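Everything on this sheet refers to the single structure shown next.
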Amino acid sequence: MQITWLGHSGFRIETGDAVLLVDPWLVGNPSFPEDRHADAVKGATHILLSHGHGDHASNALSIARETGATILCVHELAVRWADEDGVNLLGFGKGGMVDAAGAQVTMVHAVHSSSLDGEDAAYAGGEAGFIIRAEGRVIYFSGDTDVMADMGIIAERYAPDIGILCCGGHFTMDMEGAAWAAKRFFDFKLVIPCHFGTFPVLAQSAQPLVDALPGVDVRVLNVMVPFRP
């Protein structure tokens, strides 16, 4: 398994035959080097979208057309995009599990909001996180969320050993909240922080999360530098 941070909340997860792009916001993402676009999307088999906001989903359709990857997203968003040419979509719901080239992807609850950018802020279905199971590892991708009691259910039900957690504050839980959730609900061996540093309103460093979780490998990844957990 190989995990590559694409900046903000975007990740490239390679495992077996699967190349999963999770919330791949590349165009306009100040954390992502534009000249690495081809490397970021190469061989993508699936695009996982946690919700419809532009800093997560705005490049999904173009990447899907470019690569042929199937977009995995909440049912309502798949219905909204059903008439898009050259795009493969698979909508499902929270609690549902789909196979992604051998990786098992389950949609789980998050607490946030979800709409497509634009004047009408079109409804894009509910916000979500994901459980990704592959190679004997279980990844919890929180999506954009606050701390929530459902994390206890997610922890007990799926026992993730890797947590990819939003932590920048303002729009999501902050460093203190992410650390509290990790200690209160989970038994992570590895935590990868995201959704920080991209905008001035967000926390600029994940060091408070590192300091708050002694004994846990809190790994602040460098953008486009692959990491093998």
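Counting begins at 1 with the first residue of the sequence. The structure displayed is predicted, hence computed values, not measured ones.
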inquiry  = Taking Leu61 as the starting point, is it possible to reach Val19 by hopping between hydrophobic residues whose side chains are less than 4.5 Å apart?
reply    = no
key: Euclidean distance, Trp180 CH2 relative to Met151 CE, rounded to 0.5 Å   = 9.5 Å
message = Are Tyr158 and Tyr140 an aromatic pair, judged by ring center distance below 6.0 Å?
response = no
query = Do Gln204 side-chain atoms and Phe199 backbone N/O form a donor-acceptor pair below 3.5 Å?
reply = yes
Pairwise distance CE(Met173) to OG1(Thr145) - rounded to 0.5 angstrom = 6.5 Å
ask   = Crowded around Glu76 CD? As in, over 12 foreign heavy atoms under 6.0 Å?
value = yes
request  = Output yes when a side-chain donor or acceptor of Thr70 lies under 3.5 Å from a complementary backbone atom of His46, and no otherwise.
outcome  = no
query = Below 4.5 Å, heavy atoms only, C-beta onward: do Phe171 and Leu202 meet side chain to side chain?
reply = yes
request  = Anything under 30° is parallel, anything over 60° is perpendicular, the rest tilted; go ahead and classify His51 against His53.
outcome  = perpendicular
key: Reported CE-to-CD1 distance for the pair Met107 and Ile131, which is rounded to 0.5 angstrom   = 12.5 Å
query = Any donor and acceptor pair, going by atom type alone, linking the side chain of Lys94 with main-chain N or O of Gly126 inside 3.5 Å?
reply = no
query = Measuring from Ile164:CD1 to Ser142:OG, what's the distance to the nearest 0.5 Å?
reply = 8.5 Å
key: Exam field: side chain Arg65 to backbone Asp85, donor-acceptor pair closer than 3.5 Å   = yes
Contact check, side chains of Thr172 and Asp146, non-hydrogen atoms, under 4.5 Å = no
task = Using a 4.5 Å cut-off on heavy atoms from C-beta on, say whether the side chain of Pro24 contacts that of Asn59.
result = no
key: Result of checking Asp23, Ile192, Leu20 against Phe11 for side chain to side chain contact (heavy atoms under 4.5 Å, CB included)   = Ile192
request  = Could you check Arg12 against Leu6 for side chain to side chain contact (heavy atoms under 4.5 Å, CB included), going step by step and ending with a plain yes or no?
outcome  = CA-CA 7 Å; Arg12 175 186 171 98; Leu6 305 179; 4.2 Å; yes
request  = Could you check Arg36 against Asp39 for salt bridge (Lys or Arg N to Asp or Glu O under 4.0 Å), going step by step and ending with a plain yes or no?
outcome  = CA-CA 5 Å; Arg36 299 297 305 277; Asp39 296 327; 2.7 Å; yes
query = Would Asn88 and Ile71 count as a side chain to side chain contact (heavy atoms under 4.5 Å, CB included) if you check the C-alpha gap in whole Å, the side-chain angles of each, and the deciding distance to 0.1 Å?
reply = CA-CA 6 Å; Asn88 299 313; Ile71 296 176; over 6 Å; no
ask   = Ala64 and Val87: which non-hydrogen atoms are nearest, and at how many Å?
value = CB-CG1, 4.1 Å
message = Using 0.5 Å steps for rounding, measure from the CG atom of Leu190 to the CG atom of Asp161.
response = 8.0 Å
inquiry  = Any non-hydrogen side-chain atom of Leu221 less than 4.5 Å from a side-chain atom of Ile3?
reply    = yes
Arg137 vs Thr15, side-chain hydrogen bond (donor to acceptor under 3.5 Å, both in side chains): CA-CA, chis, key distance, verdict = CA-CA 10 Å; Arg137 309 301 298 269; Thr15 174; over 6 Å; no
request  = May I ask whether Val22 and Ile63 are part of the same hydrophobic cluster, defined by side-chain heavy atoms of I, L, V, M, F, W, Y residues being less than 4.5 angstrom apart, directly or through others?
outcome  = yes
Nearest heavy-atom neighbours spanning Leu26 and His37 = CD1-ND1, 3.5 Å
query = Can any side-chain N or O of Ser50 pair as donor or acceptor with the backbone N or O of Gly129 at less than 3.5 Å?
reply = no
request  = Give the minimum heavy-atom separation between Cys166 and Ala178, together with the two atoms involved.
outcome  = O-CB, 3.8 Å
Criterion side chain to side chain contact (heavy atoms under 4.5 Å, CB included) on Val98 and Leu90, from CA distance to verdict = CA-CA 9 Å; Val98 299; Leu90 180 57; 4.0 Å; yes
remark   = One should read off an interatomic distance between Trp5 CH2 and Phe227 CZ, to the nearest 0.5 angstrom, of 14.0 Å
task = Using modelled atom types only, decide if a donor and an acceptor are shared between the side chain of Ser58 and the backbone of Asp55 within a distance under 3.5 Å.
result = no
ask   = According to the interplanar angle, ranging from 0 to 90°, do the rings of His8 and Trp25 count as parallel (below 30°), tilted (30 to 60°) or perpendicular (above 60°)?
value = perpendicular
inquiry  = If you compare all heavy atoms of Cys167 against all heavy atoms of Leu209, which two are closest, and at what distance to 0.1 Å?
reply    = SG-CD2, 4.3 Å
ask   = Hey, does Phe185 have a side-chain heavy atom less than 4.5 Å from the side chain of Ile154?
value = no
Pairwise side-chain contact, Leu48 with Ile132, heavy-atom cut-off 4.5 Å (strictly under) = yes
inquiry  = I need the minimum non-hydrogen distance between Ala40 and Met224, along with the two atoms involved.
reply    = N-CE, 3.9 Å
query = Are any of the side-chain heavy atoms of Lys189 and Val216 separated by less than 4.5 Å?
reply = no
Verdict with reasoning, Leu72 to Ile47, per side chain to side chain contact (heavy atoms under 4.5 Å, CB included) = CA-CA 6 Å; Leu72 305 180; Ile47 299 168; over 6 Å; no
request  = Compute the centroid of each ring, for His195 and then for His56, and state whether the two points are separated by less than 6.0 Å.
outcome  = yes
key: Pro226 backbone acceptor or donor facing Gln2 side chain under 3.5 Å   = no
query = Do Asp174 side-chain atoms and Gly177 backbone N/O form a donor-acceptor pair below 3.5 Å?
reply = yes
query = Is there side-chain contact between Met1 and Pro229, with at least one heavy-atom pair below 4.5 Å?
reply = yes
remark   = Nearest heavy-atom approach of Phe188 to Leu165 is CE1-CD1, 4.1 Å
Any donor-acceptor N/O pair, Asp99 side chain to Gly102 backbone, under 3.5 Å = yes
